[in-house]
Amino acid sequence: MSTAAPTPRPAWSVPEKPGLEGLEERWGRVWEDDGTYRFDRRAERDDVYSIDTPPPTVSGSLHVGHVFSYTHTDTIARYQRMRGKAVFYPMGWDDNGLPTERRVQNYYDVLCDPSLPYDPSFAVPEPVSERSKDERKAPKVQISRRNFVELCNHLTAEDEVAFEELWRHLGLSVDWSMTYATIDERSQRVAQRAFLRNLQRDEAYQAEAPVLWDVDFRCAVAQAELEDREQPGAYHRIAFHGPGGDVFIETTRPELLAACVALVAHPTDERYQPLFGTTVRSPLFDVEVEVKAHELADPEKGSGIAMICTFGDLTDVIWWRELQLPTRSIVAENGRIASDTPDWITAGGEAAVAAFAQLAGTSVKQAQAKTVELLAESGELEGGPKPITHPVKFFEKGDRPLEIITSRQWYLRNGGRDLDLRAALLQRGHELHWHPPHMRVRYENWVNGLNGDWLVSRQRFFGVPFPIWYPVGPDGLADHAHPILAAEVDLPVDPSAEVPPGHDESQRGQPGGFVGDPDVMDTWATSSLTPQIATGWGEDDDLFARTFPMDLRPQAHEIIRTWLFSTAVRSHLEHDSLPWRNTSISGWVLDPDRKKMSKSKGNVETPMDRLEQYGADAVRYWAANGRPGTDTAFDEGQMKVGRRLAIKLLNASRFALGLGGGDGAARTTDLSLVTEPLDRAMLARLAELVDDATTAFDAYDYARALERTESFFWAYCDQYLELVKGRAYGARGDEAAWSAQAALQLSLSTMLRLFAPFLPFVTEEVWSWWQDGSVHTAPWPDASGLRDAAADGDPLVFEVAAAALGEARKAKTEAKRTLKWPVDAIVVIDREPRVRALRAGLDDVRESANAASVTAEVGEVATITVTLAEAPDGPDV
RNA sequence: GGACGCGUAGCUCAGCUGGUUAGAGCACCGCCUUCACACGGCGGGGGUCGGAGGUUCGAGUCCUCUCGCGUCCACCA
């Protein structure tokens with residue numbers, strides 16, 4: 001036992017009345033000024049923890065779901081930093097793509113017309129919301145592509161400022177010197193370079209093929225952007241005419257009758273077997289089509305025989321391809337029936353031409369009504385339409401059902417039609433560590449369900465252009481088979497504004513000249529490269545070597561099929577590796593009715609209001625309670641609890657650090673002073689907690705780490721602090737007090753660090769009262785050091801002492817006395833180990849319960865008997 | 001149609017490889033006022049763990065079936 005007085009330390013600044021107000025601003029500024037979260041570029045790869053942060057879409061406002069999932073990542077980042085890693089934690093902004101285009105169109109009331117020339121004098125218009133009523137009536141202003149892109153850049157820059165402010169307020173430990181935007185020059189260069197390399201390795205190709213087409217956006221859509229919506233429709237039973245009589249098909253899309261190329265039934269279907277190989281004639285148009293057999297025809301569906309049109313749905317495409325049928329397309333890019341009469345209709349004679357003339361130029365919806373009318377008149381529609389609801393494919397951002405049209409597009413191989421590549425990508429999914437593990441199934445479902453390669457070209461304006469031109473032949477037509485590629489050193493290029501090597505602008509569009517590829521890349525074609533963009537692939541080789549492959553991709557589960565998968569594809573093709581070792585999948589934030597919170601549902605919470613109301617630590621506390629992959633209810637109650645926790649941390653710290661009468665003499669970190677069994681017991685329990693929290697964090701289970709830490713902390717405040725208070729003030733002499741004070745400081749330092757990933761502001765505040773530097777760069781607590789300090793401490797001492805104190809409190813509460821009411825006697829009967837443990841803490845129980853005597857005896861039946869004093873004139877009053 | 005997840009107190013959730021009497025917070029009820037904390041403290045009531053079988057000395061936990069909710073995927077004529 002040490003008898004030396006503790007070494008005095010410089011005076012600490014423990015505030016008289018600590019509070020949470022203003023902590024975000026104050027510490028946010030200090031962290032920025034001190035570069036607390038700066039990435040250390042000297043660190044070798046093994047000492048780096050790199051995070052592929054999801055770039056939020058900059059086309060509106062951040063919502064509470066963002067706050068939720070970004071907090072999860074931040075707790076991991078902070079943990080890894082305290083474990084000694086150089087954390088590479090950049091932030092990106094996803095300003096590329098359709099959401100931005102739409103926002104700009106609406107915000108400024110403009111439309112892009114790519115045929116217009118650039119107008120350098122075009123000024124940023126006043127937002128629609130600022131305009132007068134009359135001004136709003138003016139027609140949309142048509143502007144050139146380059147002017148449009150400039151407007152996109154202008155608006156997103158404004159949004160990005162607001163986003164960064166919110167993230168800083170939330171306390172994300174991002175290195176703000178390393179932000180990127182998915183439309184900035186570096187991202188464009190990376191996207192174009194990656195594409196050119198894909199092209200050179202034959203991983204990218206162009207093809208004239210049927211694509212899913214949004215008739216409003218007039219743009220191709222990829223499989224990953226589809227969603228099914230239940231729509232009303234109707235079966236129409238329609239007669240085709242064969243030599244042996246009429247054949248009835250049932251269809252939901254009678255308006256495509258003119259596009260029919262064959263009928264199809266299952267090979268084993270005895271009803272139709274005699275027809276296979278024969279031809280029948282279509283109603284209205286009298287076009288001869290063959291009857292085919294194919295496995296995909298379902299005898300149970302409709303009449304068991306279907307008409308194949310080019311194209312009504314994806315099954316039509318399969319039949320068309322596998323049965324080698326002709327193409328008869330009648331739906332134009334604008335979603336209307338072609339206005340020119342196709343030649344196969346002309347061949348059907350006057351009646352056919354007349355019928356088609358009634359449909360030409362109408363929308364598919366109008367065409368359907370007209371076709372039904374015509375069929376009814378001709379007697380070829382049996383019975384009326386039978387209403388049904390059925391799933392129909394939509395672009396996830398679109399308003400009308402997708403059509404399928406044939407057009408020339410760029411594709412990237414993704415295993416959709418290559419079994420070896422598919423197997424390799426499934427293997428990548430297996431190598432990746434998923435948190436939680438069951439999310440891998442979604443990846444596998446998706447990869448196994450791919451039905452084609454990745455369509456990466458989009459007929460839009462605000463995006464990364466393809467760095468490609470085409471020669472124009474003497475006939476004035478572009479020669480797509482011989483693309484002219486940009487040189488890597490020239491990237492990024494805009495082929496609609498720049499000219500290919502060896503050409504000049506006067507040759508654009510001229511016979512013998514060139515044209516630029518008019519399309520831009522799918523937004524995912526850039527987003528799938530965020531690891532390469534963030535780590536400086538091809539831009540900063542040194543950084544790249546220190547940070548790639550990355551350690552963590554955090555993201556939401558609904559975009560596993562898009563973002564996670566496409567990123568895995570790009571990395572596999574370019575680097576033959578995974579882009580990251582781990583992925584943590586966050587759940588959704590649900591409103592109290594268990595519905596996903598989203599803007600379109602109008603149930604979003606504005607995060608800044610909540611941050612200001614409860615404080616960032618409190619909001620983070622709520623978020624960190626949402627376990628990985630688990631949908632979590634939006635719960636202000638939890639934010640209140642978080643706020644209370646933060647306040648408790650302030651007050652408990654004030655107590656622990658305010659002992660010793662302000663002279664500083666008793667303040668110490670000399671652990672040899674910890675001699676009291678209760679103090680050692682508490683430290684032994686704390687060591688177990690550190691092990692638990694560390695294990696949980698290593699498994700990406702931040703929620704568990706928080707829960708364990710919090711639960712210990714409340715027991716610490718309610719029980720340990722009460723048990724030790726009198727002794728810490730000196731009731732049992734200096735050495736007993738020093739033991740308490742040293743244990744309090746060690747435990748407080750440990751708990752501040754355990755809480756630091758969750759409550760960065762309040763922990764930093766308390767840390768600053770008595771420690772140098774930032775708690776966020778302090779080392780993560782070490783259980784073995786605590787065990788050394790605890791010596792042979794038995795956690796049971798803490799438990800049984802707390803139980804005895806609890807019984808005394810209960811007796812006082814039930815007798816309606818204050819907690820300071822004196823106790824004559826506490827008699828504890830229990831089994832031997834617990835009795836022994838209690839005897840070690842007997843003096844602390846007596847002190848804290850204000851008891852005249854506490855005795856512990858071994859017995860079979862455990863009881864605690866508390867005898868209160870008659871009047872408040874017992875000991876120590 | 002296939003797959004995954006979830007059903008534990010009024011609410012939000014812990015309960016990990018099966019082990020005394022199923023836990024926490026919120027809410028509710030009662031009590032205590034200020035020497036860390038009234039933005040507080042102490043205590044209390046409240047659950048046949050969705051249902052039915054099974055394995056086991058023992059099941060909230062493992063197996064089978066089943067019901068409900070959510071989500072992802074699917075070639076939806």
Side-chain angles (χ1 to χ4, degrees), chain A residues 14 17-20 228 230-231 233 235-236 249-253 256 263-265 294-298 301-309 312-319 388-393 436 438-451 557-558 560-561 587-588 590 592 594-596 614 622 625-627 629-638 640-641 643-659 695-696 699 701 703-704 707-708 710-711 714 717-718 721-722 725 729 806 808-821:
Chain A
V14 181
K17 188 76 184 163
L20 298 176
D228 289 347
E230 282 292 331
Q231 295 288 307
Y235 276 122
H236 303 77
I249 60 102
E250 293 191 13
T251 178
T252 56
R253 301 208 59 187
L256 295 180
L263 301 191
V264 66
H294 194 279
E295 302 282 340
L296 280 182
D298 183 354
K301 227 169 254 175
S303 58
I305 187 165
M307 76 169 174
I308 304 173
C309 304
D313 64 25
L314 289 174
T315 320
D316 281 342
V317 178
I318 295 170
W319 282 326
I388 55 160
T389 52
H390 62 151
V392 176
K393 289 201 184 304
H438 69 252
M439 287 294 175
R440 190 182 71 228
V441 174
R442 299 193 179 206
Y443 175 92
E444 288 170 353
N445 276 348
W446 175 252
V447 177
N448 283 320
L450 288 169
N451 56 28
H557 51 65
E558 79 272 22
I560 289 174
R561 69 173 181 172
W588 284 334
L590 306 175
R594 312 296 304 168
K595 294 283 185 300
K596 183 193 176 187
Y614 300 107
W622 158 74
N625 269 301
R627 307 184 96 79
T630 305
D631 296 346
T632 299
F634 179 79
D635 187 352
E636 290 195 52
Q638 284 298 102
K640 288 180 189 159
V641 173
R643 182 174 175 81
R644 176 156 11 160
L645 174 63
I647 291 169
K648 193 77 173 176
L649 214 40
L650 288 175
N651 287 317
S653 303
R654 190 169 100 78
F655 166 69
L657 300 176
L659 296 163
T695 304
D701 195 350
R704 185 187 178 87
E707 184 211 326
R708 294 304 161 102
E710 184 193 8
S711 126
W714 284 109
C717 290
D718 296 344
L721 292 188
E722 293 304 324
K725 189 180 283 180
Y729 277 123
R809 286 168 165 170
K810 187 172 171 178
K812 294 177 191 183
T813 298
E814 282 171 355
K816 305 192 177 182
R817 303 300 192 193
T818 79
L819 291 177
K820 296 203 157 164
W821 195 266

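Residue numbers start from 1 in every chain, and the chains themselves are labelled A, B, ... in the order their sequence lines are given, proteins ahead of strands.
Straight-line distance from the CG atom of A/Asn445 to the P atom of B/C4: 9 Å, rounded to whole Å. Atom CG of A/Leu721 is separated from atom P of B/G41 by 12 Å (rounded to the nearest Å). Following rounding to the nearest Å, A/Glu722 (CD) and B/C42 (P) show an atom-to-atom distance of 7 Å.
Among the atoms of the strands shown, base atoms are found under 4.0 Å from some heavy atom of A/Thr813. Within 4.0 Å of A/Ser711, counting heavy atoms only, lies no atom of the nucleic acid at all. Residue contacts for A/Gly637: at a heavy-atom cut-off of 4.0 Å it reaches no nucleic acid atom on any strand shown. A/Cys309 comes within 4.0 angstrom of nothing in the nucleic acid, heavy atoms only.
For B/C42, the paired nucleotide is B/G30, the pair qualifying as Watson-Crick or G-U wobble because both relevant distances are below 3.5 Å. Pairing for B/U56 is absent, with no Watson-Crick or G-U wobble pair whose two atom distances lie under 3.5 Å. With a cut-off of 3.5 Å on both pairing distances, B/U61 has no Watson-Crick or G-U wobble partner at all. When both pairing distances are held under 3.5 Å, B/U48 makes no Watson-Crick or G-U pair with any nucleotide shown. Pair assignment for B/G5 gives B/C69, based on Watson-Crick or G-U wobble hydrogen-bonding distances that are each under 3.5 Å. Nucleotide B/U20 has no partner under the Watson-Crick or G-U criteria, as no pair reaches both atom distances under 3.5 Å.
Under the 4.5 Å side-chain criterion, counting only non-hydrogen atoms from C-beta, A/Tyr235 is in contact with A/Thr252.
Phosphate contact (OP1/OP2 of B/G44, side-chain N/O of A/Lys810, threshold under 4.0 Å): present. Applying the 4.0 Å criterion to OP1 and OP2 of B/C73, one finds that A/Arg561 has a side-chain N or O inside that range. One finds no side-chain N or O of A/His294 lying less than 4.0 angstrom from the OP1 or OP2 phosphate oxygen of B/A77. The shortest distance between the side-chain N/O atoms of A/Lys17 and the OP1/OP2 oxygens of B/C37 is not below 4.0 Å. Regarding contacts with the backbone of B/C75, a side-chain N or O of A/Asn451 is found under 4.0 angstrom from either OP1 or OP2. One finds no side-chain N or O of A/Arg817 lying less than 4.0 angstrom from the OP1 or OP2 phosphate oxygen of B/C42. Listed pair A/Lys816 / B/G44 fails the phosphate criterion, with no side-chain N or O lying under 4.0 Å from OP1 or OP2.
Looking at which nucleotide of RNA chain B each of A/His390 and A/Ala656 is closest to, the 5′-most match is held by A/Ala656. When the nearest nucleotides of RNA chain B are assigned to A/Asp701 and A/Lys301 by heavy-atom distance, the more 5′-ward of the two goes with A/Asp701.
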